[in-house]
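Predicted, not measured: the structure shown is a model, and the values here were computed from it. Read the numbers this way: they start at 1 and go in the same order the structure lists the ligands and their atoms.
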Amino acid sequence: MRAETPPGGPEQHPEWGPFGVPLFDGPEAQSLARVGVIDIGSNSVRMVIFDGAARSPAYFFNEKILCGLGEGFSETGRLNAQGKIRAMGALKRFARLADAAEVAPLLAVATAAVRDAEDGAAFREAVRTATGLEIRVIDGTEEARLSAQGVLLGWPGAEGLICDIGGSSMELAELKGGGKVGMRASSDLGPLKLMGITGGKKALRAHIKAEVGRLANDFAQRSERLFLVGGSWRAIARIDMERRGYPLKVLHEYRMTPQGILDTIKYIGKTDIDVLRASTGTSGERMRLVPHAAEVLKVLVRKLRPREIAVSSYGIREGLLYEQMSEALRKRDPLIEAARHSEAQSARMPGFGRQLYRFVEPLFPRARADKKRLIRAACLLHDVSWRAHPDYRAEVCFDNATRANLGGMTHAERVYLGLALLHRYKSNRAGTGFDPALLDLLPEAQVREAEILGRAMRFGAMFAVANPSDHGTLVYRSKRRELILTLHTDAGRDLFGEVAQARFKALAAAMEVEAIVVNGP
Ligand code: LMR
Ligand code: MG
């Protein structure tokens with residue numbers, strides 16, 4: 001942290017490029033060090049405490065209780081009696097925890113159940129008396145806006161349609177690119193509400209079709225991508241993963257095709273609920289909602305005809321965090337910021353990642369901005385696992401990258417980053433417990449490139465303890481199939497010892513080029 005901050009800000013330090021100086025050093029970020037969010041939904045009541053003033057949300061605390069406040073609303077028009085007791089208990093606990101964790105600000109919002117129930121206002125009042133919490137009741141379009149903002153937190157510049165399913169409602173919001181939220185709409189297509197519909201399957205289907213039809217008319221513009229937000233969608237996505245034998249268990253950024261979803265919904269229809277639960281670890285309370293949610297999703301996919309469907313683990317809660325951020329903070333890259341934060345906290349030599357990036361960059365002359373960003377992230381993270389046991393370091397690195405609770409990365413990018421970091425410690429994947437099925441997520445050429453990056457970092461990180469480019473620079477002549485290392489200084493020639501030579505050769509071998517060492521200015 002300390003070592004990395006150049007005085008005078010990014011203007012004087014062009015090598016920071018579009019990333020600016022590390023966020024967590026800035027006063028605006030510091031003031032967001034511990035934001036608490038309580039989401040009182042129709043299904044669940046949840047508190048999240050975000051930590052670390054990071055552009056990528058770090059979950060300092062995260063607890064959810066499926067209270068079912070909206071259960072039975074269709075019959076009674078009131079909050080569920082048992083749900084109210086459970087929610088009150090949860091909120092009392094959360095208020096105590098937030099207090100102890102010195103959370104500021106602490107925001108509490110309530111959605112459809114509290115909004116619509118005749119005793120919603122009385123419940124808010126009771127919560128205020130018992131805990132001091134001021135609950136803000138938001139309407140459907142506000143809910144939609146916050147969910148869309150949550151998606152933006154993980155995918156800066158995302159475009160498409162967000163669909164957030166809760167217990168009692170389902171919201172849609174358009175993301176127009178450039179961080180703009182467009183049209184929004186709310187419907188009563190939440191599974192708890194749908195359970196109250198009488199007249200059997202036929203009536204239910206007709207209702208869903210009519211409602212989705214109405215929504216689809218509002219969103220006439222066809223969206224390429226549908227982002228799914230909400231616990232019930234996530235439960236379906238988990239079943240989709242299981243059915244496909246998908247090798248990564250990360251739901252955030254998980255992509256599905258329309259046909260894949262329709263197949264999964266069919267599969268849900270003919271598979272025993274207990275089997276589905278056991279294979280995906282879904283709670284009984286959640287699984288009860290899945291058939292209704294699946295029915296909605298089927299109609300949505302058919303009517304909206306997106307090309308691709310992606311899961312976002314970020315929703316309304318992350319949207320509230322996003323709302324606290326300044327414009328400058330929002331523009332930051334969540335992956336790079338998280339990698340920097342990690343480097344500052346865990347690397348032996350914070351600041352070396354940036355130097356290493358400069359050293360290895362010449363090997364990737366054709367890399368576009370999205371690739372350069374991954375290379376940069378890899379360099380920042382190249383040493384954060386140094387405390388792990390040497391026999392496991394490569395695996396720890398791989399797991400850290402592929403399973404990290406990070407936004408701003410596709411699954412293919414996770415595997416690329418993980419492979420690069422694995423090869424930073426080990427030239428060979430054999431004996432690392434690496435699951436080869438993960439390679440299916442990445443094209444062959446990318447696998448090779450990640451290996452090359454790993455070996456380049458492996459060489460650069462051991463060649464010199466600080467600023468490798470001061471002592472030697474790499475030039476890659478792709479046409480002549482040569483990798484040239486120019487040693488500039490006597491120190492550089494001393495540093496280029498036997499192990500460094502072996503690693504340089506291993507790098508050239510991975511690139512399938514000739515390794516050449518020259519002395520030069
Ligand atoms: C809700 O309405 O409770 C949802 O936002 C979240 C959930 O758990 O389905
Ligand atoms: Mg909700």
Side-chain angles (χ1 to χ4, degrees), residues 37-48 59 62-74 79-80 82-84 86-88 90-91 94 107-117 120 123 127 135-151 162-173 184-196 227-239 251-252 280-297 300 311-323:
V37 173
I38 296 177
D39 172 8
I40 303 164
S42 312
N43 269 326
S44 59
V45 173
R46 188 196 290 251
M47 178 166 78
V48 176
Y59 296 84
N62 191 351
E63 184 173 310
K64 172 181 75 177
I65 311 215
L66 284 159
C67 299
L69 274 174
E71 177 125 35
F73 173 86
S74 311
L79 292 171
N80 182 275
Q82 191 57 34
K84 263 206 292 199
R86 294 179 69 193
M88 179 63 92
L91 292 169
F94 291 165
L107 311 159
V109 296
T111 51
V114 175
R115 176 164 77 223
D116 299 337
F123 178 69
V127 170
I135 300 173
R136 193 170 114 211
V137 176
I138 56 175
D139 67 16
T141 54
E142 176 67 354
E143 204 177 335
R145 186 180 69 84
L146 288 170
S147 281
Q149 285 192 166
V151 172
I162 315 294
C163 181
D164 181 346
I165 194 159
S168 305
S169 69
M170 188 192 83
E171 277 69 40
L172 286 179
R184 287 165 280 157
S186 183
S187 75
D188 67 355
L189 292 172
L192 287 177
K193 268 267 176 69
L194 296 174
M195 283 175 188
F227 296 92
L228 299 180
V229 175
S232 302
W233 292 154
R234 287 200 297 279
I236 295 173
R238 225 174 271 123
I239 298 170
L251 279 171
H252 188 60
T280 57
T282 307
S283 73
E285 282 149 318
R286 176 65 68 191
M287 196 49 95
R288 222 163 49 86
L289 308 173
V290 163
H292 284 84
E295 201 61 44
V296 176
L297 188 54
L300 262 179
V311 177
S312 168
S313 297
Y314 298 168
I316 187 171
R317 297 170 289 270
E318 289 74 12
L320 282 159
L321 175 65
Y322 189 81
E323 187 139 271

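Here's the thing with Asp39: none of its N/O atoms is less than 3.5 angstrom from an N/O atom of ligand 1. Ligand 1 has no N or O atom lying under 3.5 Å from any N or O atom of Gly41, backbone or side chain. In terms of polar-atom proximity, defined here as any N/O pair under 3.5 Å, Ser44 does make such a contact with ligand 1. Distances between N or O atoms of Asn43 and those of ligand 1 include at least one value under 3.5 Å.
Checking Met170, Glu171, Glu143 one by one against Ser186, the side-chain contact (heavy atoms from CB on, under 4.5 Å) holds for a single residue, Glu171.
Remark: Lys193 NZ to Ser187 OG distance equals 9.0 Å, nearest 0.5 Å.
Remark: minimum distance from atom 2 (O) of ligand 1 to any protein heavy atom is reached at Gly167 N, 2.9 Å. Protein heavy atom at the shortest distance from atom 4 (C) of ligand 1 is Gly166 CA, 3.4 Å.
At a threshold of 4.5 Å between non-hydrogen side-chain atoms, the residues Leu91 and Phe123 count as touching. You'll find the side chain of Ile165 stays beyond 4.5 Å of the side chain of Leu289, heavy atoms only.
Ligand 1 has no atom lying under 4.0 Å from any heavy atom of Gly230.
Between Lys64, Arg286, Arg46, it is Arg286 that holds the heavy atom closest to atom 8 (O) of ligand 1.
Note on Arg86 versus Glu71: no salt bridge recorded, every NZ/NE/NH1/NH2 to OD/OE distance being 4.0 Å or above. Ionic pairing of Glu142 and Arg115 is not present here: no N-O contact between side-chain nitrogen and carboxylate oxygen is shorter than 4.0 angstrom.
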